[in-house]
Number of protein chains: 2
Amino acid sequence: MLNHSESLDRVFQALADGTRRDIVERLVSGPASVSQLAQPLAMSLPAVMQHLQVLEACGLVRSEKVGRVRTCRIEPQVLRMAEEWIARRRTSWEQRLDRLDDLLAEKPSEQGSTS
Amino acid sequence: MLNHSESLDRVFQALADGTRRDIVERLVSGPASVSQLAQPLAMSLPAVMQHLQVLEACGLVRSEKVGRVRTCRIEPQVLRMAEEWIARRRTSWEQRLDRLDDLLAEKPSEQGSTS
DNA sequence: CCAACAGTCAAGCGACTGCTTAAGTGTTTG
DNA sequence: CAAACACTTAAGCAGTCGCTTGACTGTTGG
């Protein structure tokens, strides 16, 4: 099994900041330039750039510069990877609970003995 | 709309560390004591405790002490919350792409007009 | 009782984060 | 060409993170 550990580190780290989640939120409704992304945010442009670098470094966002304008768009594969990591653990947990329920339903009053 | 922003900060921050994801991984297969969790990890017991505190602070893990042993178990609601945050953004993005495809398929060579 | 056990508290340390300001670079526009 | 524009780079700084060691608390088992 491949270990995406470092990649997961970066994605979850990227999503662990409200400003960066705001940027992702904005980008799911379509591409935007750096200053369009910065406009509603209460911080300097370099700060926004740094957030964008974090988002690009983990592959959540891709950007392209044309003339003097950099256009950013979201890249959903990495989003899906993070989602699936969580989903697998959650379903794994739920299946364990189901098996436990089955055992308890099948043998409601047995205790220490084996067979 | 409720703002779970701080809560999401904490969960994603918690998941942004490989050791903590290992602990979550271990706990989805059933409850464990602190030293059971620490045993495969290449670090001191206090370090493991600190990771557990992070996991408890964001609600991913709950623990209970009986005698001298603290038993930890996973708490899947917060896991689901994080999963859903991602899922909503991803599907939102996919729906936008679908609408875009529809428009392009319907009017393959039109430009400015409405209706 | 006392020793081993399971966990906890506290201080400290180097690395990393999220910002800032100041000074750039390259690209239009008048 | 010169000024406005849209970023970009670099330095610096306060605060947080992940970890360590050392000392300590409470709980069993012989």
Side-chain angles (χ1 to χ4, degrees), chain A residues 3 5-27 30-74 82, chain B residues 3 5-27 30-74 82:
Chain A
N3 194 1
S5 191
E6 288 178 16
S7 186
L8 285 168
D9 279 11
R10 279 193 290 267
V11 185
F12 285 129
Q13 182 66 42
L15 294 177
D17 181 282
T19 302
R20 286 192 293 262
R21 286 196 307 276
D22 284 348
I23 293 176
V24 167
E25 192 97 57
R26 167 65 187 78
L27 288 178
S33 74
V34 174
S35 12
Q36 280 171 347
L37 290 172
Q39 186 253 312
L41 301 173
M43 66 184 66
S44 68
L45 202 59
V48 176
M49 290 283 300
Q50 284 161 26
H51 283 302
L52 283 171
Q53 277 163 23
V54 173
L55 290 168
E56 279 204 66
C58 73
L60 275 172
V61 164
R62 186 167 43 90
S63 78
E64 200 183 358
K65 197 163 182 179
V66 175
R68 63 186 172 184
V69 145
R70 177 173 296 279
T71 302
C72 308
R73 63 194 72 242
I74 212 160
Chain B
N3 194 1
S5 191
E6 288 178 17
S7 187
L8 285 167
D9 279 10
R10 279 193 290 266
V11 185
F12 285 130
Q13 182 67 43
L15 293 176
D17 181 282
T19 301
R20 285 192 293 261
R21 285 197 308 277
D22 283 349
I23 292 176
V24 168
E25 191 97 57
R26 167 66 186 78
L27 288 178
S33 72
V34 173
S35 13
Q36 281 171 345
L37 291 172
Q39 184 252 314
L41 301 173
M43 66 184 66
S44 68
L45 202 59
V48 175
M49 290 283 300
Q50 284 161 25
H51 283 303
L52 284 171
Q53 277 163 24
V54 172
L55 289 167
E56 280 204 66
C58 73
L60 275 173
V61 163
R62 187 167 41 91
S63 78
E64 200 182 359
K65 196 164 181 178
V66 175
R68 63 186 170 184
V69 45
R70 176 174 297 279
T71 302
C72 307
R73 63 194 72 240
I74 211 159

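Proteins come first, then strands; the chains are lettered A, B, ... in the order of their sequence lines, and each starts at number 1.
Across residues 46-61 of chain A, A:P46, A:M49 each have a non-hydrogen atom less than 4.0 Å from an atom of DNA chain D (numbered order). Sorted by residue number, the members of residues 14-22 of chain A with any non-hydrogen atom under 4.0 Å from DNA chain C read A:D17, A:R20.
In this structure, B:E56 has no salt bridge (charged side-chain N to carboxylate O under 4.0 Å, His left out) partners at least two apart in sequence or on a different chain. Not counting sequence neighbours, A:A57 has no partner by the side-chain contact (heavy atoms from CB on, under 4.5 Å) test. Scored by the side-chain contact (heavy atoms from CB on, under 4.5 Å) test, B:A32 finds B:R26, B:L27, B:Q36, B:L37 as partners (sequence neighbours excluded). Residues meeting the side-chain contact (heavy atoms from CB on, under 4.5 Å) test with A:Q39, sequence neighbours left out: none. Taking the salt bridge (charged side-chain N to carboxylate O under 4.0 Å, His left out) definition, one finds that A:R73 meets it with nothing, sequence neighbours left out. Applying the side-chain contact (heavy atoms from CB on, under 4.5 Å) criterion to B:A38, with sequence neighbours excluded, gives B:L45, B:V48.
Look at CD on A:E6: it is 13 Å from P on C:dC16, rounded to the nearest Å. If you measure from atom CD of B:Q13 to atom P of C:dC16, you get 15 Å, rounded to the nearest angstrom. Between the CZ atom of A:F12 and the P atom of D:dC17 there is a distance of 18 Å, given to the nearest Å.
Atoms OG1 and CG, on B:T19 and B:L41 in that order, are 6.0 Å from each other to the nearest 0.5 Å.
Applying the side chain to side chain donor-acceptor pair (under 3.5 Å) definition to pairs two or more places apart or across chains, those involving residues 40-51 of chain A are A:R20-A:H51. Evaluation of the side chain to side chain donor-acceptor pair (under 3.5 Å) test over residues 7-16 of chain A, restricted to residues two or more places apart or in two chains, returns A:D9-B:R21. Annotation: salt bridge (Lys or Arg N to Asp or Glu O under 4.0 Å) contacts involving residues 35-53 of chain A, sequence neighbours excluded, are absent.
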At under 4.0 Å between heavy atoms, which parts of nucleotides 1-6 of chain C does protein reach? Answer with one letter per nucleotide, 5' to 3': B base, S sugar-phosphate only, - none. ---BBS
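For B:S44 and D:dC19, the shortest distance from a side-chain N or O to OP1 or OP2 is not below 4.0 Å.
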